[in-house]
Amino acid sequence: MTLFTPIKEIPGIGPAYIKKLHKMGVKTVHDLLYHFPHRYEDFSKMIPIAKVKINETCCIMGKILEIESSRTWKKNMSLIEAVVEDASGAIKVIWFNQPYLTKTLSAGSNVCLAGKVMVKDKGVYLTGPSYEKMPPGNYTKEKLTHTGRLIPVYPETEGLSSRWLRYILRPILAHFKYKMPEILTPEIIKENKLIPISQAIWQIHFPDSLALAKKAQERFSFEELFVIELAVLKERMKLNQKKAVAVPLDIKLIKRFVKTLSFKLTDAQKKSAYRILRDMERPCPMNRLLEGDVGSGKTVVAIMAALNAIKAGHQVAFMAPTEILAKQHFQGIAKLLQDFKINIGLLTGKEDKYVSKKLPNDFIEISREKLLEKTLNKEIDILIGTHTLIQDKVKFGNLALVVLDEQHRFGIGQRAKLTKKTAEVPHLLSMTATPIPRTLALTIYGDLDLSIIGELPKGRKKIITEYIAPKDRQKSYDFISKQVKKDRQIFIIYPRIETPEEDEETKMPPLKAVKEEYEILSKKIFPDFKIAMLHGKMAGKEKERTMRAFKNRKTDILVSTSVVEVGIDIPNATVMLIEGADRFGLAQLHQFRGRVGRSKYQSYCFLLTDSHSQKTYQRLKALIDCEDGFSLAEKDLKLRGPGEIYGVRQWGIPDLAMAGLKDISLVEKTREAAKQILIQDPGLEYCPSLKQRLKKFQEGIHLE
Ligand code: ADP
Ligand code: MG
């Protein structure tokens with residue numbers, strides 16, 4: 001047996017189990033060994049039967065005096081009752097719904113039992129204990145698998161019990177006891193005070209102590225992150241060997257563009273634009289992430305890079321995460337570039353559009369074929385769209401720059417696909433308003449260069465953020481009325497589109513839903529105002545019409561789900577009221593808040609929730625106290641982990657690596673180790689086990 005032996009060749013695993021394991025992604029011995037427990041049950045306290053205490057977990061060892069099965073007449077449940085005795089005394093034992101037990105256990109068997117002692121129908125029973133037959137001969141603790149020690153408990157998966165996994169894993173672990181291939185070098189192990197693989201793999205499944213279990217987890221966290229770092233660095237090495245078009249910087253053009261703006265660029269905007277333009281002058285592909293809080297003005301920075309590339313004779317692809325945002329960018333960019341005679345295309349779905357440089361203010365609807373044709377024959381200078389831009393049908397004649405807006409929404413695989421669109425790799429500029437600690441950004445987005453816009457345009461007022469108790473809802477409505485009468489506009493956000501029949505699971509009050517609330521708001525609460533509704537299930541055209549009406553001040557209040565989350569720019573909006581605020585992550589709430597406060601008017605963000613939990617309160621307080629996206633992101637990272645926030649979940653990376661990503665210093669250490677090894681041995685020729693592991697990771701994660 002090797003690590004690569006398929007599980008179907010392991011004795012004792014039948015076809016039904018193979019199927020279940022495959023479903024979990026466990027295909028080889030390696031996968032099985034790396035299927036780690038998520039906690040341990042402590043059955044290590046072995047005591048004489050006379051010493052057991054009610055309501056306490058204990059482990060006893062003794063002989064079965066009698067055992068019999070029956071059915072309860074009330075619930076028709078299978079019942080097994082036994083009496084077990086040791087030198088100190090005897091105890092009654094009961095199991096529910098495990099009728100097959102009498103096949104393994106019988107009177108006279110020596111057993112070890114671990115579980116809780118409870119009072120039932122006036123008797124004292126050891127209830128549903130974990131059990132195992134004692135091996136003949138002398139009892140040694142090392143021989144126990146289900147009792148008498150720390151017992152691994154695996155994440156629950158239908159039909160695969162922890163007991164079964166322990167039973168299967170135990171002999172495999174014994175087999176690999178001294179021959180588990182080590183993928184880390186002795187130097188890395190020593191420098192980072194890790195335990196070696198043979199010890200770690202045993203201790204993570206069957207630890208001798210919780211301290212050792214922790215050491216084992218640390219080692220695997222390190223190992224998993226280390227492999228990720230290696231993959232990321234290798235990708236970058238590959239990218240560095242590729243060629244890109246060098247785009248000369250036309251400083252006059254840029255100055256002319258800046259003069260057309262109705263505002264003064266911030267220093268941070270100028271600096272990042274300059275770095276980007278300089279990057280693009282080099283003949284190797286730029287891979288830069290532009291981080292800047294909501295409203296910091298990233299779009300205009302990207303447009304400077306785009307304009308420069310276009311006037312040098314190249315094309316630009318501009319990708320946004322949603323249709324609404326793509327359309328908004330299309331209109332905004334057309335306006336920004338109206339003096340520059342540029343052809344702009346919008347490819348979203350059924351409503352492809354086009355701005356011709358001859359008619360800079362008019363949109364022309366054209367067919368998709370036409371648009372694709374114009375893209376291929378370089379007539380389109382900048383093509384804006386959603387993920388549709390990475391479909392194979394979309395071909396550019398001369399693509400030099402790809403801009404990804406709000407790029408944490410795109411998977412790493414999608415990004416890799418995009419950069420493969422042409423023979424020469426286009427320069428890549430990603431933008432995000434989700435501020436990510438630097439090291440983490442480097443890891444999860446690959447080894448990229450980072451520019452940060454750390455300031456907001458001058459004159460913006462701090463957004464006043466307040467928690468509103470449900471009983472004060474009316475006060476916030478009164479406040480909204482006043483704002484609307486001052487000609488300002490309002491967002492109201494709900495966590496759902498429709499109210500479900502009933503929230504049977506959580507027994508929480510049903511979440512407020514856009515459709516119902518829209519009716520109430522428009523008919524009862526604000527009958528004199530113009531109110532519109534927006535949610536993800538509406539047709540694209542309808543969504544666009546609604547957004548446009550709001551943007552053109554045709555409506556006063558927009559009642560919406562989270563579709564307005566990213567990037568929407570309505571400077572006249574001054575109130576963001578969020579219902580069910582506990583349902584959103586901190587980063588997301590911060591994004592919502594960033595929809596207001598984009599003008600000289602004082603803006604407000606109101607948070608409403610029916611949840612009274614301490615955790616909710618803590619999170620909302622963090623948002624109220626903190627206006628800086630970067631420190632909020634760090635708090636969010638600690639509270640929730642990187643999975644949801646940065647879309648890392650879709651990578652399918654192991655849980656321990658995910659947990660490790662929370663620990664910036666660990667990320668740094670693994671990154672350093674990966675760098676060192678690649679300097680010494682770029683092809684990993686001297687580390688065959690590591691090389692194999694890396695390959696497996698790359699295949700599993702769909703980096704390409
Ligand atoms: P984000 O970084 O969130 O994508 P945007 O690019 O949408 O921000 O810019 C937000 C708003 O700020 C836009 O209306 C934009 O025109 C405006 N803006 C950008 N830069 C400046 C600036 N330096 N001064 C004033 N307003 C600016
Ligand atoms: Mg934006």
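All values reported here derive from a predicted model rather than from experimental measurement. Start at 1 and go down the list; that is how both ligands and their atoms are numbered.
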With distance as the sole criterion, is a donor-acceptor pair present between the side chains of His427 and Asp279 under 3.5 Å? no
Find all atoms of ligand 1 within a distance of less than 4.0 Å from any non-hydrogen atom belonging to Thr299, and give their numbers and elements. 4 (O), 5 (P), 6 (O), 7 (O)
Which donor-acceptor pairs under 3.5 Å do side chains of residues 293-311 form with protein atoms, sequence neighbours excluded?
unit_1, atom_1, unit_2, atom_2, d
Asp293, OD1, His590, NE2, 2.8
Asp293, OD2, His590, NE2, 3.4
Asp293, OD2, Gly629, N, 3.2
Ser296, OG, Asp293, O, 2.7
Lys298, NZ, Gly292, O, 2.8
Asn308, OD1, Asp250, N, 3.0
Asn308, ND2, Pro248, O, 3.1
Lys311, NZ, Phe340, O, 2.7

Only heavy atoms of Lys264, strictly under 4.0 Å: list the atoms of ligand 1 that pass. 22 (C), 23 (N), 24 (N)
Using a distance-only test with no angle check, is there a side-chain donor-acceptor pair under 3.5 angstrom linking Thr616 and Ser611? yes
Using a plain distance cutoff, I'd like to know if Gly297 has any nitrogen or oxygen under 3.5 Å from a nitrogen or oxygen of ligand 1. yes
Which one of Tyr467, Phe592, Phe491, Phe479 satisfies the ring-ring contact (aromatic ring centres under 6.0 Å, His included) criterion with Phe606? Phe479
Going by the order shown, which atoms of ligand 1 are within less than 4.0 Å of some heavy atom of Thr266? 23 (N)
Pick from Ile570, Ile453, Leu265, Asp569: the one approaching atom 13 (C) of ligand 1 most closely through a non-hydrogen atom: Asp569
Hey, does Ser296 sit under 4.0 Å from ligand 1 if you only count heavy atoms? yes
Short N or O distance, Gly295 and ligand 1, threshold 3.5 Å exclusive: yes
Distance only, no hydrogens: is a donor on one side chain within 3.5 Å (strictly under) of an acceptor on the other, for Arg288 and Ser451? yes
Side chain, backbone, both or neither: which applies to Gln269 and ligand 1 if a contact is any heavy-atom pair less than 4.0 Å apart? side chain
Sequence neighbours excluded, which residues qualify as side-chain hydrogen bond (donor to acceptor under 3.5 Å, both in side chains) partners of Thr266? Gln269
